[in-house]
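Take a look at the structure set out below.
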Amino acid sequence: MKKYLKFLVVAVLTVVMMTTLTGCGGKGKFVIDHAEAMGMTVTPEDVGFVGSYIELKALGRGYAKIGVNEGNIKWSKDKIEDASGKYDYTIEGDTLTIEATGVKLVFKKQ
């Protein structure tokens, strides 16, 4: 079960990767804290995403590095966009959360 969850998280993170990127509530750098799926929480170490981050810059631009993938992103009040699509996200306090395909990615502001 844990092996399946790890595969699911890696697959979703890869798809969401560049989009996993941004927030509205404030510019800055958000470092991955953990992922949640199927009622389980996994660490960046569990899925090979140590050092992954999303950086929200001025004028709705940004940059993301998720695993081995990295690139520019666009963000607005409630959407993050990269080459693969648009994703809903929320920022509450210093936490940026993106949820897609049943996987929640949680980032903390650095």
Inset, instruction - First locate atom OH of Tyr89, then atom CZ of Phe107, and finally report the distance between them rounded to the nearest 0.5 Å. - result: 13.0 Å
Inset, instruction - State whether a side-chain donor-acceptor pair under 3.5 Å links Thr95 with Lys108. - result: yes
Legend entry - Leu56 side chain near Ile91 side chain, heavy-atom distance below 4.5 Å: yes
Inset, instruction - Please identify each residue that fulfils side chain to side chain contact (heavy atoms under 4.5 Å, CB included) with Glu92, with sequence neighbours left out. - result: none
Inset, instruction - Starting at OG of Ser76, measure out to NZ of Lys86 and round the result to the nearest 0.5 Å. - result: 7.5 Å
Inset, instruction - Please report the C-alpha distance between Thr43 and His34 in whole Å, then the side-chain angles of each, then the deciding distance to 0.1 Å, and finally whether the side-chain contact (heavy atoms from CB on, under 4.5 Å) criterion is met. - result: CA-CA 5 Å; Thr43 68; His34 67 276; 5.8 Å; no
Inset, instruction - Examine distances only and state if a side-chain atom of Lys109 and a backbone atom of Lys27 form a donor-acceptor pair shorter than 3.5 Å. - result: yes
Legend entry - Which atom of Ser52 lies closest to which atom of Gly67, heavy atoms considered: OG-N, 2.9 Å
Inset, instruction - Using the test side chain to side chain donor-acceptor pair (under 3.5 Å), find all partners of Asp88 that sit at least two apart in sequence or belong to another chain. - result: Lys79
Legend entry - pair Leu96-Thr90: side-chain heavy atoms closer than 4.5 Å: no
Inset, instruction - Please confirm whether Lys29 makes a cation-pi placement over Tyr53, using NZ or CZ under 6.0 Å from the six-membered ring centre and within 45° of the ring normal. - result: yes
Inset, instruction - Could you pull out the closest heavy-atom pair between Ile32 and Pro44, with the gap in Å? - result: CG2-CG, 3.7 Å
Legend entry - N/O donor-acceptor pair under 3.5 Å between Trp75 side chain and Leu59 backbone: no
Inset, instruction - Would you please test Ile98 and Ile80 for side-chain contact (heavy atoms from CB on, under 4.5 Å) and show each step? - result: CA-CA 9 Å; Ile98 297 173; Ile80 295 172; 3.4 Å; yes
Inset, instruction - Quick one: do Thr97 and Lys104 satisfy side chain to side chain donor-acceptor pair (under 3.5 Å)? Show the steps, please. - result: CA-CA 7 Å; Thr97 303; Lys104 185 184 293 186; over 6 Å; no
Legend entry - Exercise: identify the closest heavy-atom pair between Ala35 and Leu105: CB-CD2, 3.9 Å
Legend entry - Exercise: identify the closest heavy-atom pair between Tyr87 and Ala100: CD2-CB, 4.1 Å
Legend entry - Distance-minimising heavy-atom pair for Val103 and Ala37: CG2-CB, 3.9 Å
Legend entry - Closest non-hydrogen atom pair, Val47 against Phe49: O-CD1, 3.1 Å
Legend entry - With Asp94 via salt bridge (Lys or Arg N to Asp or Glu O under 4.0 Å) - residues at least two apart: none
